Amino acid sequence: MKIMKFGGTSVGRPERMQHIAAMVTKETEPAIIVLSALSGTTNALVEIGEHLSHGDKAAAKKNIDQLETHYHDFISQLVTKPEASEKAKAIVAEHFEFLNIILRISFSEALSKDILAQGELLSTKLFSCYLEEQNIDHVLLPALEFMTIDSNDEPQIGSIKVKLSQLLQKNSDKKLFITQGYICKNARGEVDNLKRGGSDYTASLIAAAIGASVCEIWTDIDGMHNNDPRIVNRTVPVEQLSFDEAAELAYFGAKILHPASIWPAQTYKVPVKLLNTMQPDAKGTLITEKAGSVGVKAVAAKDNIIAIRVKSSRMLLAYGFLRKIFEVFEKYRTPIDMITTSEVAVSLTIDTDASLNDILKELEPFGTVEVDKDQTIISVVGNEISRTESIIKKLFGSIMNVPVRMVSYGGSPHNISLLIPAEYKKQILQQLNKGMFNL
Ligand code: ADP
Ligand code: ASP
Ligand code: MG
């Protein structure tokens, strides 16, 4: 069994959805197809939720109506036979009726998750409707029946495995399965999600749960590139990455993969392939245990970083100081990305300001606390790079004129991270492209 995940742009137009149907029916191996919402839909649903949370029902209604028109246009080109057309219209009507009902009830956090789930529910049902029209035998597996997270928002791989296996066994004569990416149920039994870009995570979790032969992530680019193609002009695909390298790149900002999407595949040793739906014959990127080669593979940038420095002479020769500082972040469930220390100060970074004020208040008794917002982490990733002298020379030689606030070196042999003010991001990515990759 293989997993094939198609992202928003891959299903975002009727002809693309039809193209995917043609692709998956060519498969000889049984497959689970994981679909994202049509591109733009989740952003629109986020906006609707925001309007409602501010009590602006008129603005929410306007967005709902616009989105509904978009879906009517979409299905009019997706399916043509009267029966399929009626069915597609009924699917769209059902989900937009739900959104319109929400307009009338009082808003809550749980309700906002229900709103967000509509995108993947719509895309998979419409895809299924098209397959039906084409007489392509398949089964729609509802993700909300098997994809669960615990009270720490961690996926419950054991239970996912049991529930999914049961669903597959019930349909053991079938070869093609369709399911929703991104959405899940939480510990309270409510509809929830795996955070933005979470369909990659769904695909990897399913691949791990069923021991898939491969987890294919089909997107709008031919694999992981050596640098962020949205910012740097000349970038090239990387043919092979190790799980460790891919996980670092995903975590430190390479948008092509959800930050947590590598660990399930890595833990259960399922190879991951990043492939281009618009160019199915392109090689893409293969991610396995093997790095393929030593040396720098790619650079990624993670935005909206906050740096916090705690300065205290009491730190000098003291033990237990760092533990007390870390406990504050643990209490507010805020992960720390980078950390550097000196005899009298510790600097660390976080990527959310959700509990920033509480954290700062609790850090105050430890010494002078300084905060820098709008920082960016630049990560240079590659097998054994921090042990390769020539790479380190090249790296520091190519970041001239950029004020570096922190350097993290040696924590992982595959990653060297730099913290810089966000306004230097484009410049440093370009300089690294030239200095490290000759591009
Ligand atoms: P999908 O909707 O298929 O999940 P995403 O938009 O989430 O697609 O991810 C693909 C996009 O990631 C690409 O179009 C590209 O702009 C962006 N991206 C950022 N960094 C990289 C990188 N290093 N390599 C490839 N793509 C990247
Ligand atoms: N539709 C969700 C999002 O836009 C999940 C995904 O596309 O992976 O974040
Ligand atoms: Mg994505």
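Whatever order the structure lists them in is the order used to number ligands and atoms, beginning at 1. Residue indices begin at 1 and follow the sequence shown. None of the values given here were measured: they were computed from a predicted structure.
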For atom 25 (C) of ligand 1, closest protein heavy-atom neighbour: Gly223 O, 3.4 Å

Aromatic ring pairing Phe6/Trp218, orientation class (parallel under 30°, perpendicular over 60°, tilted between): parallel

Candidates Asp220, Thr9, Ile20 - the one meeting side chain to side chain contact (heavy atoms under 4.5 Å, CB included) with Thr277: Ile20

Proximity of Ser36 to ligand 2 by residue part, where a heavy atom lies under 4.0 Å: side chain

Ser199-Ser36 side chain donor-acceptor pair, cut-off 3.5 Å: yes

Atom 11 (C) of ligand 1 [closest protein heavy-atom partner, distance rounded to 0.1 Å]: Asp220 OD1, 3.9 Å

Exceeds 12 heavy-atom contacts within 6.0 angstrom, atom NZ of Lys283: no

Contact atoms of ligand 1, heavy-atom distance to Ile221 under 4.0 Å: 13 (C), 25 (C), 26 (N)

Ligand 2 N/O within reach of Glu120 N/O, cut-off under 3.5 Å: yes

Identity and distance of the protein heavy atom lying nearest atom 24 (N) of ligand 1: His225 N, 2.8 Å

Distance, nearest 0.5 Å, that separates CG of Leu116 from CG of Asn43: 10.0 Å

Among Ser199, Ala203, Ser261, closest by any non-hydrogen atom to atom 6 (C) of ligand 2: Ser199

Short side-chain donor-acceptor distance under 3.5 Å, His51 and Lys62: no

Exam field: side chain Asn227 to backbone Leu429, donor-acceptor pair closer than 3.5 Å: yes

N/O separation below 3.5 Å, Gly8 to ligand 1: yes

Short N or O distance, Gly197 and ligand 2, threshold 3.5 Å exclusive: yes

Contact check, Pro229 vs ligand 1, heavy-atom distance below 4.0 Å: yes

Shortest protein heavy-atom distance from atom 12 (O) of ligand 1, along with the residue and atom involved: Ile256 N, 3.5 Å

Gly181 touching ligand 2 at heavy-atom level, < 4.0 angstrom: no

Per-atom contacts, ligand 1 versus Arg230 - under 4.0 Å to a heavy atom: 16 (O), 19 (C)

Greater than 12 external heavy atoms within 6.0 Å of Glu27's CD: yes

Structural part of Asn227 in contact with ligand 1, heavy atom criterion under 4.0 angstrom: backbone

Backbone or side-chain N or O of Thr219 under 3.5 Å from ligand 1 N or O: yes

Sub-4.0 Å heavy-atom contact, Leu249 with ligand 1: no

Heavy-atom proximity to atom 7 (O) of ligand 1, best of Lys255, Arg196, Lys5, Met224: Lys255

Identity of the nearest option to atom 3 (C) of ligand 2, non-hydrogen atoms only, from Arg196, Lys5, Lys195: Arg196

Distance in Å, Lys125 NZ paired with Gln118 CD, rounded so as to fall on 0.5 Å steps: 8.0 Å

Nearest atoms (heavy-atom pairs only) where His258 meets Ser261: O-OG, 2.7 Å

Modelled atom types, side-chain donor and acceptor of Asp150 and Gln156, under 3.5 Å: no

Lys NZ or Arg CZ of Lys302 over Tyr251 ring: under 6.0 Å, within 45°: yes

Per-residue contact class, His258 against ligand 2 - non-hydrogen pairs under 4.0 Å: neither

